[in-house]
Number of protein chains: 2
Amino acid sequence: MTVREIKEKLKNADLKITPQRLAILEAIYKLNNHPTADNIIDYIKETHPSVAVGTVYKVLDALVENHLIKKVKTENNVTHYDGIIYNHHHLYCSESDRIEDYMDEELDELLEKYFSNKGIKNFNIEEIKLQINGRFKKRGGIKK
Amino acid sequence: MTVREIKEKLKNADLKITPQRLAILEAIYKLNNHPTADNIIDYIKETHPSVAVGTVYKVLDALVENHLIKKVKTENNVTHYDGIIYNHHHLYCSESDRIEDYMDEELDELLEKYFSNKGIKNFNIEEIKLQINGRFKKRGGIKK
DNA sequence: TCTCAATTAAGAATTATTCTCCTTTAGGTA
DNA sequence: TACCTAAAGGAGAATAATTCTTAATTGAGA
């Protein structure tokens, strides 16, 4: 995702293009791992050493409100952010805080069809996401 | 859920049966709305006015660790707890913090079958929960 | 280039949770 | 039934994550 594209996103969302906002949004795209505010601050501090913590929270809120990013539901007492705003699912590691995206169009269609037929009483569905809990297999190294 | 049954659960989980633990676990079952620690404290303060906040957090942690309750994934910066520990799904209201349980055995079987066939590369699935975002229809009152 | 509403910086305040230390108690054992 | 002690709880301080306030800076429209 180029700076140009990020500027375009901010512009389309009617948000002023500021260096802080560019840096924060770019951090989310580059990290691509559902970072926390603290992760983002750590990431941008090299190129933007004087961005205030309060600014980061304020910018993150603005990005969420303007549908450029989303908050991720977790059991943590810390907010994680997602740069992917189209619907998808998440793999949650039961051993760590790792969260991975999971895209599966076949599954999406299945769920769409299922709930079109069935529906949920007294509830208007807006979005269906899977929370898939489990363990990531280790990459390389000694097999356990 | 009777006090007797709750005592049984604590005993089976190898947890000492204390008045605080009984009160907190009963609160979760009675409230039955994915309460926060603060909700629970408010609920039990009438019958147990001197239970310490730190105790509540400690007891909740013990109940989670011993699989008597579960934490609910949310975007809030506050932990919600669930008294239902068998697998089920959640309806999340996009307008409030309301979270409702959603059980659907047909759906469970569908998902089970789907992922048995498909699987997820480099990931061992332990549990699949649906996060269904939407709006609850208003009960009674003027139609909007 | 100028202007100003919007944004940011800085740091204080708030909220939710965790930690520490001392007191109390659940329940096992004799 | 009484005793004992490891475990649990109370109280309050500490920590961490986020929000708020005020003054300074700035993006972008005119």
Side-chain angles (χ1 to χ4, degrees), chain A residues 3-4 6-27 34-45 47-66 68-69 71-81 97, chain B residues 3-4 6-27 34-45 47-66 68-69 71-81 97:
Chain A
V3 170
R4 194 151 171 230
I6 298 178
K7 281 181 175 176
E8 194 72 15
K9 284 182 181 289
L10 287 167
K11 189 172 177 115
N12 289 341
D14 269 322
L15 287 170
K16 281 182 174 173
I17 300 164
T18 69
Q20 296 86 355
R21 287 176 176 176
L22 285 176
I24 290 164
L25 196 43
E26 183 176 19
H34 310 95
T36 63
D38 205 46
N39 297 150
I40 291 162
I41 288 163
D42 279 344
Y43 184 89
I44 68 176
K45 95 194 326 172
T47 50
H48 299 75
S50 57
V51 172
V53 169
T55 296
V56 174
Y57 280 99
K58 213 166 175 73
V59 167
L60 287 170
D61 275 349
L63 296 175
V64 169
E65 272 158 40
N66 288 276
L68 291 181
I69 64 175
K71 290 185 179 181
V72 183
K73 292 190 199 294
T74 70
E75 291 166 14
N76 295 346
N77 281 309
V78 65
T79 304
H80 288 255
Y81 297 87
D97 286 336
Chain B
V3 169
R4 195 155 172 226
I6 299 178
K7 282 182 175 176
E8 194 73 17
K9 284 184 182 289
L10 287 167
K11 191 174 176 111
N12 289 342
D14 267 323
L15 287 169
K16 281 183 176 176
I17 300 164
T18 69
Q20 297 86 357
R21 286 177 178 177
L22 284 176
I24 289 164
L25 197 41
E26 182 176 17
H34 310 96
T36 63
D38 205 45
N39 297 149
I40 292 161
I41 289 162
D42 280 343
Y43 183 90
I44 67 177
K45 96 195 326 172
T47 49
H48 299 76
S50 59
V51 172
V53 169
T55 296
V56 174
Y57 281 99
K58 214 170 173 68
V59 167
L60 287 170
D61 276 350
L63 296 175
V64 169
E65 273 158 38
N66 287 276
L68 292 181
I69 64 174
K71 290 185 180 182
V72 183
K73 295 189 200 298
T74 70
E75 292 166 12
N76 294 348
N77 281 307
V78 65
T79 304
H80 288 253
Y81 297 88
D97 286 336

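Side chains included, hydrogens not; waters and symmetry mates left out as well; all remaining heavy atoms used. All values reported here derive from a predicted model rather than from experimental measurement. Residue numbering restarts at 1 for every chain, and letters A, B, ... go by the order of the sequence lines.
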With sequence neighbours excluded, residues passing salt bridge (Lys or Arg N to Asp or Glu O under 4.0 Å) with [X]:
X: B/Glu65; value: none
X: B/Lys16; value: none
X: B/Asp97; value: none
X: A/Lys7; value: none

Checking [X] now: which residues fulfil side-chain contact (heavy atoms from CB on, under 4.5 Å) with it, not counting sequence neighbours?
X: B/Ile41; result: B/Val53, B/Val56
X: A/Val72; result: A/His34, A/Thr74, A/His80, A/Asp82, A/His90, A/Tyr92, A/Ile99
X: A/Ala13; result: A/Leu15, A/Asn66, A/Leu68

Walking along DNA chain C from 5' to 3', note the first and the last nucleotide with an atom under 4.0 Å from a heavy atom of chain B, and give both.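 First and last nucleotides in contact are C/dA16 to C/dG27.
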Worked verdict on B/Thr18 versus B/Val59 for side-chain contact (heavy atoms from CB on, under 4.5 Å): CA-CA 10 Å; B/Thr18 69; B/Val59 167; 5.6 Å; no
Please list, pair by pair, any protein nitrogen or oxygen found under 3.5 Å from a nitrogen or oxygen in nucleotides 15-17 of chain D.
none

Within the structure shown, what part of the strands sits under 4.0 Å from A/Ser50 by heavy-atom distance: base, sugar-phosphate, or nothing? sugar-phosphate
State which residues pass side chain to side chain donor-acceptor pair (under 3.5 Å) with B/Lys45; sequence neighbours excluded, sorted by chain then number.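 For B/Lys45, the residues satisfying side chain to side chain donor-acceptor pair (under 3.5 Å) (neighbours in sequence not counted) are B/Asp42.
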Generate the contact string for nucleotides 21-30 of chain D. Rules: B means base contact, S means sugar-phosphate contact only, - means no protein heavy atom under 4.0 Å. ------BS--
Mapping A/Gly54 and A/Val59 onto DNA chain C by nearest heavy atom, which one lands closer to the 5' end?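 Residue closer to the 5' terminus by nearest nucleotide: A/Val59.
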Show every side chain to side chain donor-acceptor pair (under 3.5 Å) that has at least one partner inside residues 50-60 of chain B, sequence neighbours left out. none
